[in-house]
**Q** 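What follows is a structure written as structure tokens; I'll ask about it next.
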Amino acid sequence: MKMFVSERRNKIMQLLNEKKRVTVKELSSYIGVSEATLRADLNKMEADGLLTRTHGGATLKEESDNETSFTAREKKNKEQKTVIAEKAFELIEEKQCILLDASSTALELARYLKTQPMRLTIVTSGVLTALELKENPDLTVIMIGGVVTNRSSSIEGTLGLDILDHVNIDMMFTSGNGFSVDKGLTDFNLYEVELKKQLVQRSNKLVAIVDSSKIGTTSSAVFATPDDIDTLVTDNPLDDNLSAQLSESHINVLAPALSTQK
């Protein structure tokens, strides 16, 4: 059976995570496709920052040089994520069922939510997010099942998606490694991208919670197109040109007013 490009590259990353270094011959035997195809895959994946090409194969990028470290992402732009969490909270209503992805920005929203006297059902793919939310007895927390990864504290894969057949997601809050008017939300982790695509399709509304450093940038794979996104929540006012483009794409913007900025 023919394998999709994303599936093939997921298998490459899976083997790399296990062995740290692979050859094209090993990959060809493991995946069952030609060496020429795999060389093209490796070249593209290196360009996307997922691995480092070597003579005859590839190595896994060092974590210190790779943005997949959740700890590093959580510490980055902490103040901006706090601003975003408070703005995003304005969209949430009592007794809703919302979905939070495993991003560090969604984790910050979870920390804010756990201090609020509001009854909500919250579905999440983030292990740390679920642990934060369980502290508030007004919140019903549902974890999506799957494989827990050691570097991102997230659920990967689509094993547990059946649980979403039993709940109605009013609104999904999600972040990515990049956001642009042309592409929408993008991310570098191909495993998480496949799950996020499914979560987006099962949510009635989609809210992008993205700090301003990511706006105008793109990453490896799209998981939510501009047509999927209802609202963008960010930490800084947008310039008039970008605001107009988002308006044309029917994306609402929630951001601090200019007068509040230093």
Side-chain angles (χ1 to χ4, degrees), residues 6 44-50 66-68 72-93 98-110 112 169-190 192-262:
S6 61
K44 178 65 169 63
M45 292 168 75
E46 181 181 48
D48 290 338
L50 296 172
N66 193 323
E67 290 186 316
T68 56
R73 284 188 285 139
E74 185 185 2
K75 292 177 181 176
K76 189 175 180 181
N77 298 331
K78 181 82 170 178
E79 291 182 10
Q80 290 88 332
K81 290 170 185 175
T82 301
V83 171
I84 291 169
E86 293 178 3
K87 298 301 292 184
F89 179 72
E90 297 175 15
L91 299 169
I92 301 172
E93 298 178 5
I98 66 172
L99 192 154
L100 304 182
D101 73 358
S103 66
S104 56
T105 311
L107 177 59
E108 202 61 41
L109 176 55
Y112 189 79
I169 306 297
D170 295 302
M171 198 176 301
M172 176 181 176
F173 293 84
T174 183
S175 190
N177 199 46
F179 172 86
S180 68
V181 179
D182 295 333
K183 299 289 187 180
L185 284 163
T186 55
D187 218 325
F188 55 83
N189 186 320
L190 299 180
E192 287 191 45
V193 163
E194 291 306 308
L195 175 60
K196 283 185 176 185
K197 283 180 180 178
Q198 294 293 325
L199 298 179
V200 167
Q201 296 306 313
R202 291 166 182 256
S203 303
N204 291 321
K205 289 187 177 180
L206 184 66
V207 180
I209 45 176
V210 182
D211 72 70
S212 50
S213 70
K214 298 175 181 177
I215 294 177
T217 67
T218 58
S219 191
S220 309
V222 175
F223 67 88
T225 68
D227 288 341
D228 294 321
I229 301 167
D230 296 281
T231 303
L232 168 67
V233 184
T234 190
D235 59 282
N236 273 317
L238 304 180
D239 63 53
D240 292 341
N241 182 49
L242 181 55
S243 294
Q245 289 179 294
L246 290 169
S247 180
E248 288 176 8
S249 298
H250 306 290
I251 297 175
N252 298 317
V253 177
L254 196 59
L258 274 168
S259 59
T260 66
Q261 301 301 301
K262 295 181 181 180

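FYI, the numbering just counts along the sequence from 1. Only heavy atoms go into these numbers, but all of them, side chains included; no hydrogens, no water, no symmetry mates.
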**Q** What's the separation between atom CD in E192 and atom CZ in F223, rounded to the nearest 0.5 Å?
**A**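 Answer rounded to 0.5 Å: 9.0 Å.
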
**Q** Atom OH of Y112 and atom OG1 of T82: how far apart are they, to the nearest 0.5 Å?
**A**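 If we round to the nearest 0.5 Å, Y112:OH and T82:OG1 are 10.5 Å apart.
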
**Q** So do I98 and I92 actually touch side chain to side chain, heavy atoms under 4.5 Å?
**A**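 Counting from C-beta outward, I92 and I98 do come under 4.5 Å.
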
**Q** Using a 3.5 Å distance criterion without hydrogens, assess whether the side chain of T217 forms a donor-acceptor pair with backbone atoms of S213.
**A**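 Not a single qualifying donor-acceptor pair exists.
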
**Q** Is there a side-chain contact between L242 and Q245 in this structure, where contact means two heavy atoms from C-beta onward sitting under 4.5 Å apart?
**A**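 Yes. Closest side-chain heavy atoms under 4.5 Å.
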
**Q** Short question: side chain of D235, backbone of S212 - any donor-acceptor pair under 3.5 Å?
**A** yes

**Q** Which atom pair, heavy atoms only, marks the closest approach of M172 to T174?
**A** CE-CB, 3.7 Å

**Q** Can you name the closest pair of heavy atoms from L109 and F89 and give their distance?
**A**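 Taking L109 first and F89 second, the nearest heavy atoms are CD1-N, 4.4 Å.
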
**Q** Please check if the number of heavy atoms outside D239 that lie under 6.0 Å from its CG is greater than 12.
**A** yes

**Q** How far apart are the closest heavy atoms of A208 and L185, and which atoms are they?
**A**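 For A208 versus L185, the nearest heavy atoms are CB-CD1, 3.8 Å.
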
**Q** For A88 and V233, which heavy atoms make the closest approach, and how far apart are they?
**A**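 Here A88 and V233 meet closest at N-CG1, 3.9 Å.
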
**Q** Taking L246 as the fixed residue, which of I215, V181, N241, T231 is the one that meets the side-chain contact (heavy atoms from CB on, under 4.5 Å) rule?
**A** V181

**Q** Looking only at atom types and distance, does a side-chain atom of S103 sit under 3.5 Å from a main-chain N or O of A106, one as donor and one as acceptor?
**A**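 Pair found, side chain donor or acceptor close to backbone of A106.
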
**Q** Give me the atom names and distance for the closest heavy-atom approach of L91 to L254.
**A** CG-CD2, 4.0 Å

**Q** Give the C-alpha distance, both sets of side-chain angles, the deciding distance and a yes or no for side chain to side chain contact (heavy atoms under 4.5 Å, CB included) between L232 and L238.
**A** CA-CA 11 Å; L232 168 67; L238 304 180; 4.1 Å; yes

**Q** Look at atom NZ of K197 and say whether more than 12 heavy atoms of other residues, nucleotides or ligands are closer to it than 6.0 Å.
**A** yes

**Q** Would the distance check show the side chain of D101 and the main-chain N or O of S175 forming a donor-acceptor pair, the cut-off being under 3.5 Å?
**A**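 Indeed, once roles are kept as given, a pair shorter than 3.5 Å links the two residues.
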
**Q** Of I229, D211, T218, which is the lone residue that meets side-chain contact (heavy atoms from CB on, under 4.5 Å) with F179?
**A**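 Of the listed options, the one satisfying the test is I229.
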
**Q** Please round to the nearest 0.5 Å and tell me the distance separating atom CG of L206 and atom NZ of K196.
**A**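 Between atom CG of L206 and atom NZ of K196 there are 10.0 Å.
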
**Q** Please determine whether a side-chain nitrogen of the Lys or Arg among K205 and D170 lies less than 4.0 Å from a carboxylate oxygen of the Asp or Glu.
**A**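 Salt bridge between K205 and D170, a charged N being under 4.0 Å from a carboxylate O: no.
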
**Q** Taking the side chain as every heavy atom from C-beta outward, state whether D230 and N252 have any atom pair closer than 4.5 Å.
**A**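 No; the side chains remain at least 4.5 Å from each other.
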
**Q** Can any side-chain N or O of T186 pair as donor or acceptor with the backbone N or O of S219 at less than 3.5 Å?
**A**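 At least one qualifying donor-acceptor pair exists.
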
**Q** Output, in order, the C-alpha distance, side-chain angles, deciding distance and verdict of side chain to side chain donor-acceptor pair (under 3.5 Å) for S104 and K81.
**A** CA-CA 8 Å; S104 56; K81 290 170 185 175; 2.8 Å; yes

**Q** If every non-hydrogen atom of P226 is compared with every non-hydrogen atom of D182, which pair is closest and at what distance?
**A**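 P226 and D182 have their closest heavy atoms at CG-O, 3.7 Å.
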
**Q** Donor-acceptor pair, K87 side chain versus T234 backbone, under 3.5 Å?
**A**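 Pair absent, no side-chain N/O of K87 close to backbone of T234.
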
**Q** Ignoring hydrogens and angles, state whether a donor on the side chain of S243 or D240 is under 3.5 Å from an acceptor on the partner side chain.
**A**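 Judged by distance alone, the side chains do not pair up.
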
